[in-house]
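Here the structure comes first, spelled out in structure tokens, and everything after it is commentary.
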Amino acid sequence: MNKMLIQGGNKLFGELNISASKNAYLPILAATVLCEDKLVLHNYPFFTDADNMCKILTSLGANIENRDSDLIVDSSSLFSWGIESELASQVRSSIFMLGALLGRFKKARVAYPGGCEIGARPIDIHLAGFRKLGVKVEEKHGYIYCDAGNMHSAVILLDFPSVGATESLMMASVLTPGETKILNPAKEPEVVDLQNFLNKMGAKVRGAGTNEITITGVKKLHGCEFAPIKDRIIAGTYMIATAMCGGDVLLKGVKPDHLRAIIDKLDQTACKISIESDNIRVTSDGKPNALGKIETSVYPGLPTDLQAQIMALCCVSNGSTMIVENVFESRFKHVPELVKMGADVHVKDRVAFVRGVKKLYGASVSGMELRGTASLILAGLVAEGTTIVNNIKHVDRGYYHIEDDLATLGANIKRI
Ligand code: EPZ
């Protein structure tokens with residue numbers, strides 16, 4: 001069952017509870033390695049990336065138990081600090097394990113991470129940060145070997161506000177004596193959530209979400225319960241779907257503040273967005289205006305993780321939009337597939353020129369990576385006729401049964 005079958009043309013009506021954030025949960029799962037007491041994480045999102053992260057933790061000796069929607073993690077008897085390539089290559093967030101393992105064991109051996117086909121995904125910023133902390137780093141035979149026997153506090157300036165590097169360095173420093181500062185850190189809400197989780201375990205981290213994060217080392221962390229934030233990218237995906245299809249959808253539990261950039265853009269496409277505490281309501285006639293020019297950037301700018309989805313909207317908007325992808329160097333793999341459906345899109349380097357067309361036509365298309373596959377599903381929702389989206393396993397990495405959510409709202413979609 002690796003395909004989605006979609007009949008386009010339905011409007012979307014109803015409400016959805018948004019699940020916990022994949023990109024909050026993944027670093028938080030890595031951070032459980034730092035604590036030798038039992039931890040309870042609420043609203044576990046059954047995405048395959050999260051499941052793969054649990055497999056990595058279990059391979060290190062952690063005991064993990066699902067109890068309803070809670071995940072109970074016990075890392076008291078961890079016996080290994082090495083992650084093999086077949087596990088590490090499944091998911092980008094294996095690289096977060098480096099910082100957590102160095103925090104716990106002062107050494108680590110991690111295979112190069114996997115992740116989406118959206119670019120080289122280098123880890124030079126991670127490794128430069130570790131070297132600043134006095135970690136001896138060696139890269140050979142596809143593995144990264146780290147010896148943090150002499151790890152010390154430091155002031156680290158990131159060349160780029162990398163989300164993963166920020167989170168990894170936070171985790172490496174919470175048990176390191178002294179005060180470590182991370183300058184030019186990522187400011188994403190998921191970084192703030194990691195800070196909140198670490199502090200709930202007794203760490204001393206402050207400044208996440210600002211230009212400077214300070215970590216004061218503590219001796220030991222203790223157990224706690226924690227409920228990670230909801231997934232702003234899933235919410236943004238369904239907001240865009242409603243703007244494209246037309247309808248009236250209420251998304252519950254997600255913080256509107258985490259979606260200011262996409263709310264601003266969708267306002268411009270002439271949908272009506274209303275904020276009701278932690279809920280966002282989108283109403284639309286399904287005839288979006290074009291956006292002229294949009295650029296992805298680091299938080300709080302337009303998230304790169306919504307670029308493919310907003311491109312699908314631009315394909316059926318009235319006018320042209322230039323989309324600049326500033327974060328990843330090759331995140332347009334969905335374009336040839338959208339063109340198969342009748343979209344008018346031309347790519348040059350990091351810029352996609354989209355001319356809105358009257359309608360898209362159902363076709364058999366193939367997903368290449370997580371968010372690009374989501375954008376093909378959105379295109380299928382508005383296309384005339386039947387769309388088959390192949391390689392649907394990509395979308396399962398970051399959405400739990402996306403077809404159930406969309407069918408709940410009235411879309412004609414099923415997994416085959
Ligand atoms: C996180 O990836 C997210 N993944 C990505 O979400 C998201 O797109 C990205 O942040 C940007 O917001 C998780 O949190 C698990 P980066 P990450 O390090 O940490 C370059 C999704 O769809 N870079 O901020 O890998 C890098 O090549 C996924 O949910 C270096 O050059 O992103 C990229 O161009 C996709 N050297 C840019 O920085 C480094 O050492 C941003 O990468 C690290 C990164």
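Counting starts at 1 for both ligands and their atoms, in listed order. Worth knowing before you read on, the calculation uses all heavy atoms, side chains too, and leaves out hydrogens, waters and symmetry mates.
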Checklist outcome for this item: side chain to side chain contact (heavy atoms under 4.5 Å, CB included) test vs Met311 passes for just one of Leu306, Ile294, Val345, namely Val345
Checklist entry - Using 30° and 60° as the class limits, which term best fits the ring planes of Tyr299 and His258: parallel, tilted or perpendicular? => result perpendicular
Item to check | Test of proximity, Val327 against ligand 1: N or O pairs below 3.5 Å | outcome: yes
Checklist entry - For ligand 1, is there an N or O atom under 3.5 Å from any N or O atom of Ile125? => result yes
Checklist entry - For Gln195, what residues pass the side chain to side chain donor-acceptor pair (under 3.5 Å) criterion, not counting sequence neighbours? => result none
Checklist entry - Which distance, rounded to the nearest 0.5 Å, do you find between the CG of Leu198 and the CG of Leu221? => result 7.5 Å
Next on the checklist: Check contact between Leu127 and ligand 1, using heavy atoms of the residue and a distance below 4.0 angstrom.
Outcome noted: no
Checklist outcome for this item: ligand 1 to Phe160, heavy atom cutoff 4.0 Å, flagged ligand atoms 37 (C), 38 (O), 41 (C)
Checklist entry - Does anything in residues 19-28 pair up under salt bridge (Lys or Arg N to Asp or Glu O under 4.0 Å), and if so which pairs, sequence neighbours excluded? => result Lys22-Asp49
Checklist entry - Looking only at distance, does Val163 have an N or O less than 3.5 Å from an N or O of ligand 1? => result yes
Checklist entry - Can you find an N or O of Phe96 that's nearer than 3.5 Å to an N or O of ligand 1? => result no
Next on the checklist: I'd like to know whether Tyr399 forms a side-chain hydrogen bond (donor to acceptor under 3.5 Å, both in side chains) with Thr237, so could you lay out the CA-CA distance, the side-chain angles of the two residues, the decisive distance to 0.1 Å, and finally the verdict.
Outcome noted: CA-CA 10 Å; Tyr399 300 77; Thr237 302; 2.7 Å; yes
Checklist entry - Do any nitrogen or oxygen atoms of Ser162 come within less than 3.5 Å of a nitrogen or oxygen of ligand 1? => result yes
Item to check | For ligand 1, the portion of His126 having any non-hydrogen atom under 4.0 Å away | outcome: both
